[in-house]
Amino acid sequence: MKETKVLKASGWVRTAVVLAAAGALVAGCSDGGGDAEPSVSTASPTDVPSSPAGSTQPRALKLTVAGTVATGIEVPWGLAFLPDRSALVGERDSGKVKRIAGGRVTEVGTVPGVASSSEGGLLGLAVDPKYPARPFVYAYYSTGKDNRIARLTFENGRIGSPEVILDGIPMSAIHNGGRLRFGPDGFLYAGTGDGSDRPNSQNDDSLGGKILRLTTDGKAAPGNPGGRLWFSKGHRNVQGLAFDGSQLYAAEFGQDTWDELNAITSGANYGWPAAEGVSQLDGMVDPIAQWRTSDASPSGITFAQGHIFMAGLRGERLWAIPVADGRRTGEPVAYFTKRFGRLRTVEAAPDGSLWLTTSNTDGRGNPKPGDDRILRVTITH
C-alpha cells in the first residue's frame with residue numbers, strides 16, 4: 001500500500017452578524033487563502049451589530065495548532081472518523097481514499113468514475129453509524145453527467161466497489177454541494193448545489209439546491225416534507241453540515257455579497273435565488289450569520305463546545321460561532337487568518353481536538369511545502 005508522510009501531533013432567524021470587508025466586493029460564486037500558537041483575529045465593534053436580544057457573549061476560546069497530523073495530501077475534501085479513532089480522507093481530484101492511523105497515512109482505494117472539475121470530484125465522506133456491524137462508508141462524488149451518493153464497504157483496510165444509492169443530483173463545474181453527515185436520527189443528510197441552474201433550488205422535483213435526508217439505501221427518510229428526498233430547499237450551494245443534538249446547521253456559498261450559516265428546520269425555504277443573506281422575504285428563512293464573501297467562502301463545519309466551527313476558503317480563516325437551539329448566541333470570532341491558506345474541512349476528533357484541512361492544491365491557492373496538510377487544533381477557554 002502506498003504511504004504518505006505523517007507527522008505525529010502533540011499532545012433568531014432574522015438577525016445576522018455582518019462581518020464587513022474593506023474595499024470592493026469580489027464575486028463569491030465559487031469557493032475562491034510554524035505550528036506555534038497563532039494570534040486571534042476578531043471583528044471590530046464597528047463591524048458587528050449587537051448580539052441577539054437576551055444573549056451574553058461567551059468567553060472567547062483559545063485555539064492552538066498543536067501539531068500537524070499529515071502532509072502531502074492532494075486536495076483533501078471529505079474527512080470522517082472510524083470507531084477505532086482512525087480517519088478516512090478523500091482526495092477530490094484523484095478520487096483516492098486514504099486512512100490516517102497509527103502514525104501513518106495509507107491509501108486504501110480509489111472511488112471509480114470520479115470526474116473532477118473546479119468544484120467537483122470526490123467530495124463528502126460519512127461512516128455508517130453502526131460501523132463495523134454495517135461496514136459501510138458513504139461517498140458523494142461527481143461523474144461526467146451527475147453527482148451521486150454511493151455506499152462502499154470498508155473491510156480489511158480496503159474500500160470496495162461503490163453501490164450507487166442515489167444519482168441524478170445536478171452537476172456542473174461549480175455548485176455541486178457535496179457534504180455528507182449522519183444525523184442523530186440515523187439518517188444520512190447531504191448538501192447539494194443548484195448545479196449552476198438557479199431554478200433547481202425552488203423546484204420541488206429537483207435534487208439541486210437542497211439538503212437531502214436519506215435512508216442508508218438512498219430512499220426518502222420517513223417524515224420528509226411531502227415524502228420527498230429533501231429536507232429543506234432554497235439553497236445555493238451547501239458546503240457544510242453539522243449537528244448540535246438534533247439541531248442541524250448548514251454553511252453555504254453566497255453569490256456576490258453574503259455567505260451564510262443557516263439553522264435548518266424541516267420543510268423550510270432558505271430563499272435562493274430570490275434571497276442572498278438576510279432579506280426578510282415572506283415565507284423564506286434568513287441566515288443566523290452572514291459574511292462578506294472575501295471573509296469566508298465557507299466550506300466544512302463542525303460543532304464542539306457550544307460553537308459551530310467553519311472553515312473558510314477565500315477567507316483563509318477558521319470561524320467560531322457560538323450557537324444554541326438554532327440561534328446565534330454571540331459574535332463570531334476568526335482564528336488563523338491568512339496563516340495556513342485556504343481551509344476546507346474541519347471535524348471534531350474523538351480526543352476533543354479539531355482536525356482542520358488546508359486546500360491550497362486545489363488550483364485556487366498558493367501551495368506551501370507539505371501542502372495539503374491536516375492540522376490538529378486544541379480548544380481551551
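All values derive from a computational prediction rather than experimental measurement.
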Does [X] belong to the same Ile/Leu/Val/Met/Phe/Trp/Tyr cluster as [Y], with side-chain heavy atoms less than 4.5 Å apart forming each link?
{"X": "Val127", "Y": "Leu122", "answer": "yes"}
{"X": "Met171", "Y": "Ile174", "answer": "no"}
{"X": "Ile288", "Y": "Ile301", "answer": "yes"}
{"X": "Ile264", "Y": "Phe187", "answer": "yes"}
{"X": "Phe340", "Y": "Leu354", "answer": "yes"}

Salt-bridged, [X] to [Y], with N to O below 4.0 Å?
{"X": "Lys96", "Y": "Glu91", "answer": "no"}
{"X": "Asp128", "Y": "Arg134", "answer": "yes"}
{"X": "Arg148", "Y": "Asp146", "answer": "yes"}
{"X": "Asp362", "Y": "Arg364", "answer": "no"}
{"X": "Arg342", "Y": "Asp372", "answer": "no"}
{"X": "Lys210", "Y": "Asp204", "answer": "no"}
{"X": "Arg151", "Y": "Asp217", "answer": "yes"}

Closest approach of [X] to [Y] (non-hydrogen atoms, all atoms of both residues):
{"X": "Ala115", "Y": "Gly144", "result": "CB-N, 3.8 Å"}
{"X": "Val346", "Y": "Ala311", "result": "CG1-N, 4.1 Å"}
{"X": "Ala87", "Y": "Trp355", "result": "CB-CZ3, 3.7 Å"}
{"X": "Val75", "Y": "Ser359", "result": "CG1-OG, 4.4 Å"}
{"X": "Gly227", "Y": "Ala220", "result": "O-CB, 3.4 Å"}
{"X": "Ile379", "Y": "Ala304", "result": "CD1-CB, 4.4 Å"}

side-chain contact (heavy atoms from CB on, under 4.5 Å) assessment of Leu79 paired with Thr357: CA-CA 9 Å; Leu79 175 66; Thr357 77; 4.3 Å; yes
Flag if over 12 foreign heavy atoms under 6.0 Å of CD, Gln247: yes
Asn366, CG atom: more than 12 neighbouring heavy atoms under 6.0 Å: no
Within this structure, what is the [atom1]-[atom2] distance for the pair [X] and [Y], rounded to the nearest 0.5 Å?
{"X": "Leu166", "Y": "Leu207", "atom1": "CG", "atom2": "CG", "answer": "5.5 Å"}
{"X": "Asn203", "Y": "Asn200", "atom1": "CG", "atom2": "CG", "answer": "6.5 Å"}
{"X": "Phe231", "Y": "Thr265", "atom1": "CZ", "atom2": "OG1", "answer": "7.0 Å"}
{"X": "Ile159", "Y": "Leu88", "atom1": "CD1", "atom2": "CG", "answer": "8.5 Å"}
{"X": "Asn176", "Y": "Ile169", "atom1": "CG", "atom2": "CD1", "answer": "9.5 Å"}
{"X": "Asp185", "Y": "Ser246", "atom1": "CG", "atom2": "OG", "answer": "9.0 Å"}

Stepwise salt bridge (charged side-chain N to carboxylate O under 4.0 Å, His left out) test for Asp167 and Lys145: CA-CA 10 Å; Asp167 56 14; Lys145 62 179 181 180; over 6 Å; no
Pair Phe182 + Tyr138: ring centers closer than 6.0 Å: yes
Ring-ring centroid check Tyr131 Phe136, cutoff 6.0 Å: no
Using atom types as modelled and distance alone, determine if a side-chain donor or acceptor of [X] lies under 3.5 Å from a backbone N or O of [Y].
{"X": "Thr302", "Y": "Ala348", "result": "yes"}
{"X": "Arg228", "Y": "Trp230", "result": "no"}
{"X": "Asn237", "Y": "Phe253", "result": "no"}
{"X": "Gln239", "Y": "Ala251", "result": "no"}
{"X": "Glu252", "Y": "Leu261", "result": "no"}
{"X": "Ser279", "Y": "Gly277", "result": "yes"}
{"X": "Arg92", "Y": "Ser118", "result": "yes"}
{"X": "Thr71", "Y": "Arg373", "result": "no"}
{"X": "Ser86", "Y": "Ala101", "result": "no"}
{"X": "Thr110", "Y": "Pro112", "result": "no"}

Do [X] and [Y] meet the criterion of a side-chain donor-acceptor pair at a distance under 3.5 Å?
{"X": "Tyr189", "Y": "Arg213", "answer": "yes"}
{"X": "Asp194", "Y": "Trp272", "answer": "yes"}
{"X": "Ser297", "Y": "Arg314", "answer": "no"}
{"X": "Thr361", "Y": "Asp371", "answer": "no"}
{"X": "Arg179", "Y": "Thr345", "answer": "yes"}
{"X": "Thr293", "Y": "Asp259", "answer": "no"}

Residue pair Asn147, Thr192: steps toward the side-chain contact (heavy atoms from CB on, under 4.5 Å) verdict: CA-CA 9 Å; Asn147 288 299; Thr192 75; over 6 Å; no
Criterion side-chain contact (heavy atoms from CB on, under 4.5 Å) against Trp319, the qualifying member of Trp291, Tyr335, Phe309: Trp291
Among Thr329, Leu61, Val323, the one residue meeting side-chain contact (heavy atoms from CB on, under 4.5 Å) with His307: Leu61
Salt bridge (charged side-chain N to carboxylate O under 4.0 Å, His left out) evaluation trace for Arg99 with Asp84: CA-CA 12 Å; Arg99 185 186 184 200; Asp84 65 2; 2.6 Å; yes
Step-by-step side-chain contact (heavy atoms from CB on, under 4.5 Å) determination, Leu318 to Leu63: CA-CA 10 Å; Leu318 178 68; Leu63 269 57; 3.7 Å; yes
Verdict with reasoning, Glu347 to Arg181, per salt bridge (charged side-chain N to carboxylate O under 4.0 Å, His left out): CA-CA 11 Å; Glu347 286 291 342; Arg181 179 79 68 181; 3.0 Å; yes
Aromatic ring pairing His235/Tyr270, orientation class (parallel under 30°, perpendicular over 60°, tilted between): parallel
Residue pair Phe154 / Val97, side-chain heavy-atom distance below 4.5 Å: no
Lys62 vs His381, side-chain contact (heavy atoms from CB on, under 4.5 Å): CA-CA, chis, key distance, verdict: CA-CA 6 Å; Lys62 180 180 180 181; His381 290 273; over 6 Å; no
